[in-house]
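Start at 1 and go down the list; that is how both ligands and their atoms are numbered.
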Amino acid sequence: MKVLKFGGTSVGSVDSIKQVIGILENNLANGEKIAVVFSAMGGVTNRLIEIGKMAAAGNGEYIEFLKVVEERHFVIVRGLINVKSQSSTFAAVRGLFNELGDILKGVSWIRELSTRTMDLIMSFGERLSTLVITEILKSKGIAAEFCDARQIIRTNETYGMGDVNFAVTNQLILEYFARASALQCVTGFIASTSEGITTTLGRGGSDYTASILGAALDADSIEIWTDVDGMMTADPRKVHNAFTIPSISYAEAMELSHFGAKVIYPPSLQPAFAKNITLKVLNTFNVDFEGTYVQKNANKKDFPITGISSIDEIALVNIQGSGMIGVAGISGRLFTALSHNDISVILISQASSEHSICFSIDPRDANKASEVLEKEFASEITYGYIDSITIEKNLSIIAIVGEGMKKSTGVSGKLFSVLGKNGINVVATAQGSSELNISVVISKSDLSKALNAIHGVFFHSETRSLNLFIVGVGLIGSTLLEQVRKQNKYLREEKFLNLNIAGLSNTKKMLLDPDGIGSAHWKERIDGEGVKTSLPAFVQRMIELNLPNSVFVDCTSDKDIVQYYNMLLDASISVVTPNKVANSGSYAEYISLQRTALKRGVKFLYETNVGAGLPIINTIQGLMASGDKFLKIEAILSGTLSYIFNSFGPGIKFVDVVKEAKAQGFTEPDPRDDLSGADVARKILILAREVGVPLESEDVKVAQLLPANCLAAPTVEAFFNELVISDDYFANLQSDAEANGEKLRYIATLENGKAVVELRTVNQQHPFYTLSGSDNIVSFTTERYKDRPLVIKGPGAGAEVTASGVFADIMSISSYLG
Ligand code: ADP
Ligand code: ASP
Ligand code: MG
């Protein structure tokens, strides 16, 4: 014997009911003995509640709303019963709607809607759906019979959530089924008192109906057919990466559903558990899928936790007072008072100081709770033993659940660390004594981000996502996007990492899409869907989206953009950039960015500020972290100046070298922007700061390399003319160097806390002597690298290497996700 239950989502439309019939026919064809429970059509219970409230408020529009609900049922009848047999079903449906209409008319007359009447109104949902489906089955030649559960399930008078009297109920079920021969189609959710008054089992209660029946009838299994692939690691509507849990214990399923996994109604687990009946959660729309088996002992799992669930809306009550310390019985009185007033407590967390008690409840009970507690503790409040009772709203609870927690250490560490890394503040926390769950209370606005981030770290084998917001799709930005596009498949398959481009902006248009813009068609998408670029709007939207593992990638050299870095880091968004402006501004600004990143546990990475993709800053940071001391840095940090002086030699005119550099695209439009040394100065300034020397930009001494006439030239053309005129000056510099067996090099030096940028000569022993092309070179003399300096050399400019340095920074954030 099997009991099957089909939820509202499975009986909401003609197509879904066809699925249901297919499943039932299959079972019957296999000779299974079955009983089947139906919920109201999806959304109908909510509608009936609304209609009831409208009627009670005297809003006559309820009649129209009711007509819509009626029509939904007629559509099913028309769609699934042949024309000849439709009329009797229409008549029966109409009969029920007339009855409901009369009740509602009564409600609107007396303007009163008790929970008892509400139960009666809601009962029509299941009575209608079950009636219609029974008729459909009959019309298909299946011997089916409508069974009103009010005949067989007995509860007390707690309307809205009747307490089942199992002794009587089990007896009634057994007697009823002993007499029944046809396939019983049972209304879910509803029951009655011993007086015959209609009650309900609580929202989502059709699952409970199935479990009560299954247990009473000693069924082999109870099947809960719904619209998802079983119980999943998280609500798939909130976490796209959620996947099916093949096997779960009753206790785990209970915790998950208690904390919001509505796929199964918590009380339904009890009867199945008591009789050790396997409960299966299956998908009506994916019939062959195995779904989830809920049993006494779940199979071993690959992950430290089984699932994550959440309650979107809770209120947190906090009672605080010095007079509470050591006073026995306060919590006893507190929770008794709440329970006498039917206020159920979802989670309790008491501070170990006993100074305060904090618990969460349904926000709809908040006002009542406040009244009840103020009354209960009136004298303690008067005497100042209790200082305050506060209620905080707009909060959510997340619970991570799993038997595996008992055995594995570090689960809570991992939970709090991922929340911390994503800047999510934990308002309260509790760990069940069974060690089956850890729950945290967080701000409602962080819920989606928290769920996804937690899911990402605990369910490792699935792909983790980094959400990238890229500003500036010029040469570096577009090269980066191309590199991401090419590498995506490898990263996803080999590293389980998804680089999700969640935002893009060029100077004209911007586009944000949390589901991903895609690195392949970003141009078309930004052109087609983008809106006018506004940096403040981009930043604000990015913060509002609140996606986990967000990274802001600034591929511009814009001055204004850096004002947002601090705000972004403070919102727990990492920043990656080749843009030097922030780090070469004031020292205070530089240090404040470092501190904010540290405080928020996010990254601020800028390897490409100096020497493009060469590992210069990472090397410094590694040496500094491991306690090395920097004695001297010498560096050639401009690809342009490197090229110019590497090419300049005997018999070659300086002006021709500069012209050639410009023709090759190595220089800025006005080559004096390179030759001024300003850019090199900014780079050595950043390196100085990295090794702990707090310089300001004016502290860097830049020796002018150009004669005054060249600097004063009004145009680029005039500048080249002046270079011709000054040819002797450069030729002399060159020949003097040559005479000493040395070469000209444009070098930045940091030594004894002083930074200098100047044209120098180096001899053959110097590591910079043999430099060629446009390479950059850095030499670090440190306490550990004293005799022979540590030298890093290679291409220090160009879109490919710069983009790949930015990419490497992004990747280093992904490895830090754990
Ligand atoms: P039914 O109408 O079949 O009773 P419900 O809406 O009551 O369906 O429950 C199914 C829904 O539960 C799913 O659509 C899903 O959004 C939600 N849900 C929440 N948590 C989970 C979870 N952990 N696994 C599966 N579904 C979940
Ligand atoms: N129809 C009821 C509800 O919506 C019961 C159920 O669907 O399980 O709560
Ligand atoms: Mg349900």
Side-chain angles (χ1 to χ4, degrees), residues 4-13 16 19-20 23 37-50 69 118-119 121-130 149 153 160-162 186-191 199-212 223-246 248 252-269 279-286 289 291-292 294 305-312 398-402 437 447 451 454-455 459:
L4 287 73
K5 174 257 166 178
F6 292 91
T9 46
S10 303
V11 297
S13 65
S16 56
Q19 286 291 121
V20 171
I23 294 166
V37 175
F38 296 107
S39 287
M41 286 169 62
V44 164
T45 310
N46 284 345
R47 257 304 134 90
L48 292 175
I49 294 172
E50 253 174 75
V69 178
M118 188 58 106
D119 272 355
I121 293 173
M122 287 193 290
S123 75
F124 281 85
E126 270 63 14
R127 288 156 64 190
L128 282 159
S129 64
T130 310
I153 299 181
M161 181 134 20
V186 186
T187 54
F189 184 49
I190 63 175
T199 57
T200 60
L201 302 175
R203 295 302 309 273
S206 299
D207 299 336
Y208 197 17
T209 307
S211 186
I212 294 167
E223 296 181 353
I224 307 292
W225 289 85
T226 182
D227 64 340
V228 285
D229 279 341
M231 278 199 103
M232 308 182 75
T233 49
D235 185 343
R237 287 184 210 192
K238 296 184 181 134
V239 177
H240 290 317
N241 292 329
F243 54 89
T244 304
I245 306 166
I248 188 170
E252 288 174 318
M254 179 64 117
E255 295 283 329
L256 275 179
S257 61
H258 176 72
F259 284 103
K262 87 182 254 242
V263 62
I264 191 150
Y265 179 52
S268 355
L269 290 152
L279 223 145
K280 297 178 191 169
V281 184
L282 301 162
N283 189 351
T284 304
F285 308 95
N286 188 9
F289 191 75
T292 299
V294 189
I305 66 169
T306 304
I308 306 165
S309 57
S310 64
I311 304 176
D312 297 6
I398 294 186
I400 60 169
V401 171
N437 95 66
L447 180 63
L451 282 171
I454 296 172
H455 197 269
F459 296 102

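- Interface atoms of ligand 1 facing T9, defined by a heavy-atom separation under 4.0 Å, are 1 (P), 2 (O), 3 (O), 8 (O).
- Contact atoms of ligand 1 toward P236: 25 (C), 26 (N), 27 (C) (distance under 4.0 Å to a heavy atom of the residue).
- Heavy atoms of G205 come nearer than 4.0 angstrom to ligand 2 in at least one pair.
- For K262, a nitrogen or oxygen atom sits less than 3.5 Å from a nitrogen or oxygen atom of ligand 1, counting backbone and side chain alike.
- In terms of polar-atom proximity, G204 is counted as a contact of ligand 2, with an N or O under 3.5 Å from an N or O of the ligand.
- Remark: ligand 2 and S39 share an N or O pair separated by less than 3.5 Å (distance only, no angle test).
- For ligand 2, one of its N or O atoms has an N or O atom of S206 under 3.5 Å away.
- Here is the list of ligand 1 atoms found below 4.0 Å of a heavy atom in K5: 4 (O).
- In M122, neither the side chain nor the backbone holds a heavy atom less than 4.0 Å from any atom of ligand 2.
- Close approach to G230 involves these atoms of ligand 1, each under 4.0 Å from a residue heavy atom: 24 (N), 25 (C).
- Which of E126, K262, K5 comes nearest to atom 5 (C) of ligand 2 through a heavy atom is settled by distance: it is E126.
- Taking every heavy atom of D227 and a limit of under 4.0 angstrom, the matching atoms of ligand 1 come to 10 (C), 13 (C), 14 (O).
- Residue G260 has no N or O atom closer than 3.5 Å to an N or O atom of ligand 1.
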